[in-house]
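Take a look at the structure below.
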Amino acid sequence: MIPYEPEKIETKWQDKWEEQKIYQAIDGSKKQKFYALIEFPYPSGAGFHVGNARSWLAMDAYSRKKRMNGFNVLYPMGWDAFGLPAENYALKNKLHPSITTAQNIATFKRQIKSLGLSFDWSREINTTDPKYYKWTQWIFLKLLEKGLAYRAETSVNWCPICKTTLADEEVLADGSHERCGKPTEKRFQKQWLLKITDYAQRLLDDLNLVDYSQKIRVQQENWIGRSEGAELKFGIKGTESQINVFTTRIDTIFGASALVVAPEHKIINQLEDRIKNIDEVRGYQKKAKDKSELERTDLAKEKTGVRLEGIIAVNPFSEEEIPVFAADYIMESYGTGAIMMVPAHDNRDYGFAQKYNLPIKEVIAPYWLDSKYPPRPDKQTEKREVVTIIVRNPKDKKLLCLKWKKADWQSFPTGGVENDDPKTAARRETLEETGYKNLKFIAQIPGSTYVEFYRPHKDSNVYAHFQYLVFELENEEKIDIEKNEINNHEPVWISENEIESFINVENQLFMWRRFKTPDLIYTGYGVLIDSGKYSGLFSEDACNKMVSWLQEKNLGNATINYKMRDWIFSRQHYWGEPIPVIHCQKCGAVPVPETDLPVELPYVENYEPSGTGESPLANITDWVNTKCPQCQGEARRETDTMPNWAGSNWYFLRYLDPDNSREIAAKDKMKYWMPVDIYQGGFEHTTLHLLYSRFIYKFLYDIGVVPGPEPYAKRRSHGIVLGPDNRKMSKSFGNVVNPDDIVKKHGADTLRLYEMFIGPFDQAVSWNEDSLQGCFRFLNRVWKLFQEKVKEEETSKDILRKLHQTARKVGEDIENLKFNTMVASLMKFINEWEKSFLSKEDAELFVKIIAPLAPHLAEEAWVEILKNKFSVHQQPWPKFDEKLIIEDKVIMVIQINGKVRGQFEMDNQDSQDQAKVTDQARKHPQIIKYLEGKEASKNIFVPGKLINFVI
RNA sequence: GCUCUCGUGGUGGAAUCGGUAUACACAACAGGCUUAGAACCUGUGGUCGCAAGACCGUGUGGGUUCGAAUCCCACCGAGAGCACCA
């Protein structure tokens with residue numbers, strides 16, 4: 001037998017695949033296309049690590065299977081080579097970025113080849129190639145033309161170490177720079193911005209057009225952060241001025257005890273003369289401005305503010321007069337930069353109100369609890385003859401009205417303490433420990449599960465929690481509350497519309513009383529109290545009615561706000577695409593004419609950031625000084641460059657037509673290949689690259705360049721690979737695993753197998769080479785089997801069935817990206833194969849299903865051992881035989897009251913027949929003793945699986 | 001604080017329209033092969049019991065169900081993302 005020596009076979013086939021170009025995608029083929037995309041890497045100095053490789057390998061297996069399925073597969077690769085890390089690396093190593101980048105790409109390509117990845121290299125792209133970035137610049141010109149790129153003086157994040165401005169997204173939550181980890185500062189500077197906010201709603205809506213995993217979708221939604229609310233005007237007493245306020249909770253307006261504006265708010269300048277303590281206010285403004293990002297995000301920080309003395313706002317609903325504050329917990333950039341403060345129903349407002357001694361007025365009552373249970377030890381419970389509880393089922397929002405008379409409390413079907421059952425007793429004990437003595441009643445709502453009392457947290461409160469109801473409204477018949485002599489034990493469903501009339505009938509708001517003590521703020525929806533004519537309404541209804549009223553009086557309107565902000569598009573760096581704009585004293589910012597593209601990055605010796613806020617390009621006078629394209633006068637080029645996201649926004653289009661010098665890509669090619677069928681990448685790019693590129697693609701769609709509204713039909717993300725120490729693989733931790741070492745030791749196929757087997761593809765996994773052995777062993781065994789367990793005889797029926805079952809499982813698992821169970825099923829199969837043998841034909845089937853995973857071994861077995869024609873990767877994916885998969889014998893399980901008590905084998909056909917199964921099961925020796933002298937009240941039968949006797 | 005995800009043997013994990021929990025692999029132990037080691041092969045896998053078998057068992061408590069890792073509620077814990085977002 002020839003031993004398995006991967007180093008010998010792997011390079012041999014890698015060379016042959018390259019030579020024969022078997023992985024090239026064909027433009028405009030008659031075959032159905034399939035575009036599989038992975039995020040193209042930034043070619044870093046150290047080469048890539050096993051974490052990077054994981055998703056490429058997964059998509060490689062996927063692409064290989066799709067090719068075998070008969071698709072014309074495009075699986076391309078390129079280089080996202082612009083950006084800060086390239087520049088930093090080059091600075092450190094005293095080499096020009098273009099040289100180091102080229103070197104790094106060579107390393108990456110060597111590594112990629114050694115893993116046997118099936119990329120189509122004829123379409124390789126590089127974002128730093130002027131022929132490529134010509135089109136990055138072209139897109140910018142189009143954005144400029146449509147008014148989606150603009151310049152504005154903005155507060156930007158500045159990193160004093162890297163001497164550059166940063167996007168919000170590059171600053172971590174603690175205010176440090178994502179790359180260097182050092183604190184950042186705020187600076188004001190003229191910057192280019194892209195109006196991604198114009199696309200906010202479409203970016204949100206069109207998530208419906210694509211298949212993204214739930215996690216990605218939710219994160220994008222949160223990032224866009226749509227919130228619906230109302231904008232309304234508060235008048236300032238004695239002036240014509242008004243303050244615009246945005247709120248999502250207009251239903252709480254009767255509880256507003258102040259207005260709070262951002263320190264930068266324009267009202268301060270407007271009414272400067274009226275503010276009696278203007279010096280104090282100015283001082284506060286200055287202090288707020290000087291605060292670093294770090295201080296402003298400090299959670300433990302107490303809220304500060306300053307009252308605008310002499311300014312009184314008027315609540316348009318209650319006509320109450322309330323003070324106005326400026327505070328830095330209000331963001332100028334979100335909403336209107338002003339809020340109404342409702343301390344009783346907002347945690348931040350509550351903290352602020354306590355500090356400044358403002359009234360806390362509750363206007364929303366939680367409505368699902370009645371205060372009767374349990375009696376508060378610190379308060380006299382009101383005596384009432386009738387108690388009503390309203391419970392809202394959160395699922396379908398139906399409301400249940402329960403009413404019973406005091407006399408009947410003890411007669412509830414279950415639960416009264418009077419007739420303690422063990423569970424109730426235990427509950428009462430728990431309650432008594434918490435300080436509630438003399439408990440009289442623990443009522444169980446009929447049909448619901450039970451009423452549980454517990455201490456929620458911070459041992460401040462005890463409140464009652466009712467488990468939700470399990471009833472369904474069988475018919476929607478209306479119930480006349482007044483007439484209905486409500487049966488004390490029967491629940492009565494009422495619809496939400498009826499609640500208002502119900503309240504009127506009862507006219508008893510006591511039932512909304514709460515358990516909470518005032519130091520816990522209730523921020524949810526509820527029933528309005530102390531809110532004038534809106535009292536008694538539910539929050540949702542109240543919001544609608546209040547907005548209508550505002551519209552009528554022309555005081556406000558329903559509005560929508562987004563958290564997402566415009567995208568700062570300037571960088572003060574050398575290693576990026578120059579922004580194609582010329583600044584002329586006469587004409588202003590003039591776009592470079594399309595015919596002059598690309599604006600090439602000049603070669604320059606000294607490319608260190610200037611640190612003044614200007615890019616190093618500013619020093620190259622003969623490049624900077626130019627003529628204005630409009631007036632031909634003296635002018636200067638824009639010296640800022642684009643962020644590294646610019647080149648990656650649209651790269652997937654360039655793969656379709658990488659050498660096109662007339663357009664981004666030919667229309668027919670885009671029409672054929674787009675959209676990307678599956679886009680696989682890291683979860684960390686969900687709100688950056690993924691959202692940005694969707695925006696740019698939509699823009700290109702609007703100007704008629706691309707054929708559809710969404711670039712990626714399907715997006716999945718993979719879990720990151722952590723180092724053996726469970727930390728993120730990073731050079732600074734020294735836990736980076738280089739695939740080269742593993743390839744050298746065990747071969748590429750072992751690495752490929754292991755990366756898939758290590759754990760669920762979408763979850764984070766830590767690298768642990770213990771089970772790498774198992775994968776190597778597996779391949780050795782497969783190798784041995786091909787040589788020793790392939791015979792010129794027909795495969796036994798049993799093993800053939802298992803082979804076809806495995807083929808089905810492998811195919812399904814690849815489609816569902818469940819690579820770990822795919823490997824497991826292959827391993828399971830060879831455990832069977834070892835006990836038997838396969839015919840040559842069936843061995844070939846096995847080679848095909850293992851080919852996407854272990855392409856080298858499969859090719860060697862296909863060509864050299866089984867003597868077939870090159871290449872296994874161009875064979876059709878095997879069809880499993882439905883009939884062969886069906887087992888003829890099945891194991892039936894016998895349960896008594898749901899517990900497994902025995903099992904027996906029977907014919908698959910008979911196992912579908914309840915009578916036959918019951919009959920056989922009754923005769924089973926383990927079962928007889930259970931059934932003796934007893935009658936099974938019913939039995940549950942699951943065809944082909946089990947029978948359950950209920951005694 | 002908010003949003004999302006997750007919690008199963010010594011370990012990575014499998015099983016979710018509710019139906020035999022622990023597939024597959026690693027490690028460990030025992031045995032075989034071997035001068036020896038490596039490699040390879042076989043066996044074992046919660047507790048009690050000689051055994052048949054019984055009982056426990058998927059973070060905790062409760063519920064629904066003939067039957068729950070899976071569905072519902074609460075709690076505890078871990079991870080990720082966002083964060084003074086009105």
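Reminder, nothing fancy here: chain letters follow the sequence lines and each chain counts from 1. In this text the structure is predicted, and so the values were computed from the model without any measurement.
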Using a cut-off of less than 4.0 Å, is there contact between a side-chain N or O of A:Arg777 and OP1 or OP2 of B:rC40? yes
Contiguous Watson-Crick or G-U pair runs (3 or more, under 3.5 Å) in RNA chain B: B:1-7 with B:76-82, B:10-12 with B:24-26, B:28-32 with B:40-44, B:46-48 with B:53-55, B:59-63 with B:71-75
Using OP1 and OP2 only, check whether a side-chain N or O of A:Lys563 sits under 4.0 Å from B:rG81. no
Check the angle between the aromatic planes of A:His746 and A:Phe776 and answer parallel, tilted or perpendicular using the 30° and 60° thresholds. tilted
Does A:Val893 reach a base, just sugar-phosphate, or nothing at all? Heavy atoms under 4.0 Å. base
With a 4.0 Å limit, can you tell me whether A:Arg901 has a side-chain N or O closer than that to the phosphate oxygens OP1/OP2 of B:rG67? no
Minimum-distance nucleotide (side-chain atoms of A:Val218 versus B:rC24, B:rA86, B:rU3): B:rU3
A:Gln903, nearest nucleotide to its side chain (from B:rC41, B:rU20, B:rA86): B:rU20
What's the closest nucleotide to the A:Leu946 side chain, out of B:rC56, B:rC24, B:rG19? B:rG19
Does B:rA86 have its OP1 or OP2 closer than 4.0 Å to a side-chain nitrogen or oxygen of A:Ser227? yes
Select one nucleotide: of B:rA14, B:rC24, B:rC41, the one nearest the side-chain heavy atoms of A:Asn831. B:rC24
Mind checking if A:Gln895 touches a base, just sugar-phosphate, or nothing, with heavy atoms under 4.0 Å? base
Under 4.0 Å, counting only non-hydrogen atoms across every strand here, what does A:Ile896 touch: a base, just sugar-phosphate, or nothing? nothing
What about A:Glu684, does its side chain sit under 3.5 Å from the base of B:rG81 through a donor-acceptor pair? no
Any donor-acceptor N or O pair under 3.5 Å, side chains A:Gln914, A:Asn939: yes
Base, sugar-phosphate alone, or nothing: which one does A:Val942 contact when heavy atoms must sit under 4.0 Å apart? base
Quick check on contacts: within residues 816-830 of chain A, what sits under 4.0 Å from RNA chain B by heavy-atom distance? A:Lys818, A:Asn820, A:Thr821, A:Ala824, A:Met827, A:Lys828
Proximity to the side chain of A:Val950 - top-ranked nucleotide from B:rC66, B:rC41, B:rG19: B:rC66
Ring centroids only, cut at 6.0 angstrom: are A:Phe778 and A:Phe757 within range, meaning strictly under it? no
Between A:Glu832 and A:Lys828, is there a salt bridge with N-O shorter than 4.0 Å? no
